[in-house]
Structures are given as C-alpha cells and as structure tokens.
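Encoded as structure tokens, the structure appears first; notes follow it.
In this text, all values refer to a predicted model and were calculated from it rather than measured experimentally. The first residue in the sequence is number 1, and the count goes up from there.
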Amino acid sequence: MKRTVFFVWLLSVSLLSTGLAITPQELIQKNRQALSSNQESLFNLSTIRMVGQIEKYGLQGNVGIFVALPERFSMVHEFSLFSEKWVARDKEAEILDMTGWRRAAARGDLFHLRALQFILGLQYLNPDMAPPTDIREADGEVSATLLTTEGVPIRVVYDAAKFLLRSFAFTGADGLGVVMRIESYRQWDGGQLPGRLREESLNPATYTFTQCEVNRGVDGSFFNIPLSPADSNLPDRGSVRLPVQRYFGLPLIKCWIGNSPALTFLIDTALPFSIIDRSIASQLGFTPQGRRTAATRYPLGDMAFLRLPAVLLREVEYRNKLFLAANMIPASTNIQLPVHGILGADFFHQNVVNLDMATETFRISSARGFSPEQQWARVPLLTSGGTLAMIATLNGVETAMELATSYSESVGFSASSELARGLIRRQGPSAAGFSVGLGFGLPETIVPLGSLSLGGLSVGNPLAHLIEFSEDFPSGRRQAGWLGSGLLRRFSVHLDIPGQMAYLEPTAALRETDTFNAAGLYPVKSGGKLVVQRVVAGLPAANAGIEPGDVITQLMGYPGEQILFDRVYGFLNVPPGQSIALQIQKGDGTVLDLQLRNESAF
C-alpha cells in the first residue's frame with residue numbers, strides 16, 4: 001500500500017514538474033471538437049480553398065491557400081511587382097520566389113513549406129499523426145510540439161478554454177524563427193478556419209481571409225509552377241566570356257542599365273537576390289517600392305523593390321529583372337569597394353556560370369550549351385533559400401557550405417554556430433583578427449580547419465574564420481558556414497544552376513597554403529592616407545606600439561598614399577616566419593620603421 005501511495009505521489013510530482021495537465025489524446029480530441037461539432041466532416045475533408053488579402057514587405061496584395069488532401073498544398077502571394085508561390089505535391093516541393101526563380105525546395109525551404117502545409121492544410125487532424133509531445137499548460141494556454149511526417153517540429157499553442165490554435169512556430173527558410181499567430185477564426189462550411197493571421201518574422205505580414213470553400217474542389221493548376229520564360233537574349237546553345245576584376249579577392253563585373261554609363265557590380269552567389277544602390281537607382285529614374293529585410297552577412301538595412309527593364313553584361317541583355325534597392329555605402333566604406341550593386345544567385349538562375357578567379361574571367365552559358373568535362377569534380381549544388389551552397393567534407397563530416405564570393409577568407413562560420421563551437425573545443429592553435437571583404441571589421445577567431453575536400457578534391461591547409469556577428473546581423477544565427485573567394489580561387493568553378501550541380505576544375509592554387517593577417521593590423525583609406533583603424537592585442541602590430549589613428553607612410557617599400565588599397569591586405573597576409581616592413585607616423589609626428597614578423601603557429 002505504501003509503495004502504491006508513493007508511486008501515485010511520485011507520478012503527480014512528475015506531472016506537475018513538466019506542466020503536463022492534459023494527455024496527448026485529450027488535447028487532440030478537444031482541438032477537433034473546437035474546430036467542428038461535426039467530427040465526421042473533419043475526417044471527410046478533401047479540399048480547402050482560402051483567399052484574401054496580404055500586407056507584407058510594405059506592400060498590399062492577394063493571398064491564396066489551396067489544399068487537396070492528403071498531400072497537395074499551395075500558398076500564393078501576389079503583389080503588383082512580383083509573385084511568390086510554394087507548392088507541395090506528395091514528396092516533391094517547389095518554390096517560385098519573388099525573382100522568378102523556380103527551384104526545388106531544399107532543407108530550409110522545405111521545413112518552412114511543410115510547417116505551413118501541416119497546420120494550414122489541417123493535416124494534423126489525421127488520426128495516424130504522431131501524438132503531440134512536451135505538453136505544457138500555463139497562463140490560459142496549452143502548448144505542445146507536433147511533428148510533420150518528415151519530422152519537422154512545430155511548436156503550437158492552444159487556447160486553454162476553447163482549444164483552438166492561437167499560434168504555431170517553426171524555423172523558416174532563412175534559418176530564423178517564424179511565429180504565425182491566429183488572431184481570429186471564422187465559421188466556414190460548418191467548421192472553424194483562420195480568418196486573420198499575423199506572421200512574426202524578419203518580414204512580418206498580416207493575412208486576412210475573406211473567402212473560403214471546403215470540399216468544393218480546387219483547380220489543379222494551383223499545384224503546379226510553370227516554367228519561366230527566358231529572361232535574356234543568350235542563344236539556346238550559346239555562351240559568352242566576360243572579364244572580371246578582383247578587388248580584395250572579390251569578383252567585380254561591369255554592367256549597363258538601359259543607357260547608363262558602365263556600373264560595377266559584385267558577384268555574390270550566396271545572396272538570393274540582386275541589389276542596386278539606392279542613389280544609382282534614383283539617378284536612373286527608378287522609384288523603389290515597399291520594404292524588405294534580409295539575413296545578409298553585411299549591412300544593407302531595409303531594402304525596397306524595383307524592376308529593371310534591361311541589364312546588359314556586355315552583349316548579353318537580361319530583361320525585366322527584380323532588384324532590391326539598398327544603401328551600399330555602409331557595406332563598402334571601410335574597404336573602399338567601388339561597387340554600385342550586387343548580382344546575386346537569382347540573376348543567373350537560368351544559366352550555367354563559370355567563375356575563374358585565376359584568369360579573371362566569367363563565362364555565362366545556356367543550360368543546353370554547357371557540356372562538363374569528364375575529369376572535373378562534381379559536387380551537388382544546393383539552393384536553399386535561394387543561396388547557392390555545395391556539400392563539403394570537413395574533417396570527415398559532410399556539411400552544406402554556402403558559396404559566399406563576397407568574403408575574402410577561404411572558409412567562414414558564425415562563431416555562434418555548432419560547427420564553430422566544435423572547432424574551438426578542439427583547443428588547437430588560434431589567433432584573433434577582424435573579417436575582411438564586404439562584411440569588413442567584425443571580430444573573428446582564426447583556426448586551422450583540418451581536412452577539407454570538395455567532390456573528392458582535397459584543399460591544402462585551409463583556415464577557418466569564426467566571425468562574431470552582432471545582433472544587427474540576423475544571419476549570424478545561421479548554422480551554415482561558407483566558402484569564400486580565398487578558397488574558390490583554387491578552382492575554375494562551373495555552377496549549373498538549373499541542373500543543381502557544381503563542377504570544379506582545379507587550378508595551380510589548389511595546394512597553396514592559407515595565410516591570414518597575423519600582424520593584427522587593419523588599416524583603411526581616409527583622406528588619401530592609409531590610417532590604422534584596428535589592431536589586435538597581443539599580436540605584432542600592437543606589441544610594436546602601433547595604435548588606431550597612426551598613419552602607414554610606407555608598406556613593403558610602397559608609399560602609403562599611393563598603394564592600391566586592395567593590395568594592402570595581400571602584403572599583410574604572410575606565411576609564418578616571414579616579416580612585413582612598414583613605416584608608421586604617430587600622432588605626435590614620430591616616425592617608426594618596423595618589421596612585423598609572423599610568429600603564429602600556422
């Protein structure tokens with residue numbers, strides 16, 4: 001008897017400690033009863049059609065949700081400048097993003113889509129679904145975790161009185177959290193369906209549904225995404241070879257917009273959209289609309305939408321392309337980047353592109369005009385969230401790495417990511433520094449990566465840069481690392497974007513040893529002078545007495561005022577045991593001739 005009483009007491013304490021006051025079966029049943037008094041109608045659902053208005057990106061448009069149970073789901077956003085569409089058909093999932101890029105849903109996109117399908121398509125009413133877990137009750141709410149059939153976790157919150165869903169939360173396509181709050185329900189065909197939804201995310205939105213039909217059929221076209229028409233004058237089997245300029249190791253290309261003079265654009269294959277500087281757009285007579293925030297790794301702030309009727313890359317004309325207008329100055333000031341915009345991965349979504357940093361060329365080919373060589377290494381190309389990424393093998397473990405040609409280093413991670421924390425836990429040699437490239441001046445820790453291979457090709461002695469992003473950089477919370485220009489220059493890189501395959505042709509730089517700024521000296525150009533902006537405590541520059549504000553009058557024999565700025569960091573990155581010769585002028589006029597020796601262990 002005592003044992004029984006003790007067991008009951010222990011069980012009650014356990015239930016109280018977890019906040020569990022309702023069983024999974026009771027929770028499911030109460031929710032079903034709240035949705036409809038006619039339980040048979042819930043189990044006989046075949047189609048749902050919900051349409052209404054959406055406010056998002058500072059724009060107003062139309063929204064539609066279409067469901068054909070058990071496996072077909074579609075959500076459409078239509079604005080005057082662009083449309084977005086998510087489609088799930090059985091195990092397949094596709095996306096038409098705002099730039100017109102039709103692509104298969106990869107991991108991040110797929111999780112986002114499956115979460116919407118599971119809740120808004122009412123798939124969670126399926127009697128065969130996995131029971132809810134981690135049920136907690138507090139403050140008039142009951143929360144639980146539901147799993148889709150593909151294992152996507154969704155945190156749901158019910159009203160403890162009515163047992164209707166109040167909200168559901170999941171990880172979005174950008175790797176950041178999304179919360180959808182159901183602000184009101186409406187009675188539709190004998191059941192309760194959301195009347196108004198509020199999305200809390202990087203780009204918040206409000207959905208107001210004004211029409212709904214249940215079990216009245218859905219046009220099958222809503223579950224298809226048609227092929228996009230050709231958006232350039234590139235011949236069906238044609239290709240064109242264009243020159244690129246390297247600045248800080250970053251690829252720059254010349255563009256013309258309409259009858260504009262030549263403009264310089266950065267190529268960044270980790271950016272899922274293309275950018276034009278706001279002032280340039282204004283000078284060309286364009287008026288951006290709306291507002292979008294994105295999790296980029298460099299400061300762009302709020303952006304607005306516009307369509308450019310014609311963008312020329314020499315003889316190749318791209319038509320009617322969606323761009324985002326942003327203030328490029330904060331992102332480029334510190335490295336004096338002479339850039340008017342960025343061509344993201346979306347710009348070339350119908351093409352095969354070849355970036356060869358060694359020969360400073362960029363080739364654009366039609367998908368049918370491209371034929372890979374047998375000896376090239378092949379690596380699957382991922383397009384999660386519109387970002388191009390490849391599968392790399394890091395220390396024997398396969399992981400997706402974004403192709404960030406806007407960063408100068410070879411390999412980068414957010415310092416808060418699990419991979420970065422794992423590298424730190426190895427407790428090997430490390431050095432402090434600051435990031436270089438478009439995301440200039442962020443604190444970082446540099447560590448030897450170990451082994452890295454792409455498509456079976458081993459890369460010699462890569463260094464990993466673990467960057468500490470501030471709260472102003474939402475992408476700093478993302479787990480994916482990236483391969484920067486410092487690594488991609490080791491290959492002639494062919495990106496078959498429609499075919500989702502990358503081909504790597506090794507160059508002479510494949511086995512080169514990675515170097516970094518072991519002097520701990522970070523200057524910028526200011527008033528024509530080369531001025532020290534940052535030094536790293538404990539490294540040679542700081543130990544020699546160099547301070548922020550000092551002027552570099554000579555570097556490796558070159559006058560500081562005359563040296564090309566992007567060459568500065570090439571001089572500062574020397575292998576272990578080598579030295580940098582420079583002359584420093586202090587604030588009081590004192591001149592110091594110094595030799596800064598790389599004493600690092602790597």
Distance-only, no hydrogens or angles: does the [X] side chain make a donor-acceptor pair with backbone N or O of [Y] under 3.5 Å?
X      : Y      : answer
Thr393 : Val397 : no
Ser74  : Phe222 : yes
Asp302 : Thr293 : no
Arg307 : Asn320 : yes
Thr47  : Ala68  : no
Gln39  : Arg32  : yes
Asn44  : Glu40  : yes
Thr405 : Ile267 : yes
Asp90  : Glu71  : no
Asn327 : Arg278 : no

Carboxylate-amine/guanidinium proximity below 4.0 Å for [X] and [Y]:
X      : Y      : result
Arg136 : Glu141 : no
Arg319 : Asp231 : no
Glu418 : Arg425 : yes
Glu94  : Arg102 : yes
Lys85  : Asp97  : no
Lys56  : Glu199 : yes
Asp219 : Arg49  : no

Aromatic centroids of Phe66 and Phe73 separated by under 6.0 Å: no
Less than 6.0 angstrom from the centroid, inside 45 degrees of the normal: does Lys30 satisfy that with respect to the ring of Tyr158? no
Using every non-hydrogen atom in the two residues, find where [X] and [Y] come nearest and quote the distance to one decimal.
X      : Y      : value
Arg89  : Asn224 : NH1-CA, 4.0 Å
Ala270 : Thr387 : O-OG1, 3.0 Å
Phe168 : Ile154 : CB-CG2, 3.8 Å
Ile95  : Ala105 : CD1-CB, 4.1 Å
Leu42  : Leu125 : CD2-CD1, 3.9 Å

Let me see the working for Arg103 and Asp109 under salt bridge (Lys or Arg N to Asp or Glu O under 4.0 Å), right down to the final yes or no. CA-CA 10 Å; Arg103 50 190 169 81; Asp109 300 311; 2.8 Å; yes
[atom1] of [X] to [atom2] of [Y]: how many Å apart, nearest 0.5 Å?
X      : Y      : atom1 : atom2 : result
Phe305 : Thr287 : CZ    : OG1   : 15.5 Å
Leu45  : Gln123 : CG    : CD    : 10.0 Å
Ser435 : His465 : OG    : NE2   : 10.0 Å
Arg292 : Asn203 : CZ    : CG    : 6.0 Å
Arg186 : Gln192 : CZ    : CD    : 11.0 Å
Phe209 : Gln211 : CZ    : CD    : 12.0 Å

Does the side-chain contact (heavy atoms from CB on, under 4.5 Å) test come out yes or no for Trp86 and Leu96, once each step is laid out? CA-CA 7 Å; Trp86 297 261; Leu96 179 69; over 6 Å; no
State, yes or no, whether a side-chain contact exists between [X] and [Y] at a heavy-atom distance under 4.5 Å.
X      : Y      : value
Ile257 : Phe265 : yes
Leu59  : Phe82  : yes
Met390 : Leu403 : yes
Ile275 : Leu300 : yes

Report the C-alpha separation of Arg107 and Glu150 in whole Å, then their side-chain angles, then the decisive distance to 0.1 Å, and conclude whether the salt bridge (Lys or Arg N to Asp or Glu O under 4.0 Å) test is met. CA-CA 11 Å; Arg107 181 181 175 86; Glu150 294 179 327; over 6 Å; no
Any side-chain donor paired with an acceptor under 3.5 Å for [X] and [Y]?
X      : Y      : answer
Ser274 : Asp346 : yes
Tyr57  : Glu84  : yes
Gln117 : Arg114 : yes

Worked check of side-chain contact (heavy atoms from CB on, under 4.5 Å) between Thr171 and Val178: CA-CA 6 Å; Thr171 300; Val178 176; over 6 Å; no
Run the numbers on Glu183 and Tyr207 for side-chain hydrogen bond (donor to acceptor under 3.5 Å, both in side chains), then give the verdict. CA-CA 10 Å; Glu183 295 189 332; Tyr207 306 78; over 6 Å; no
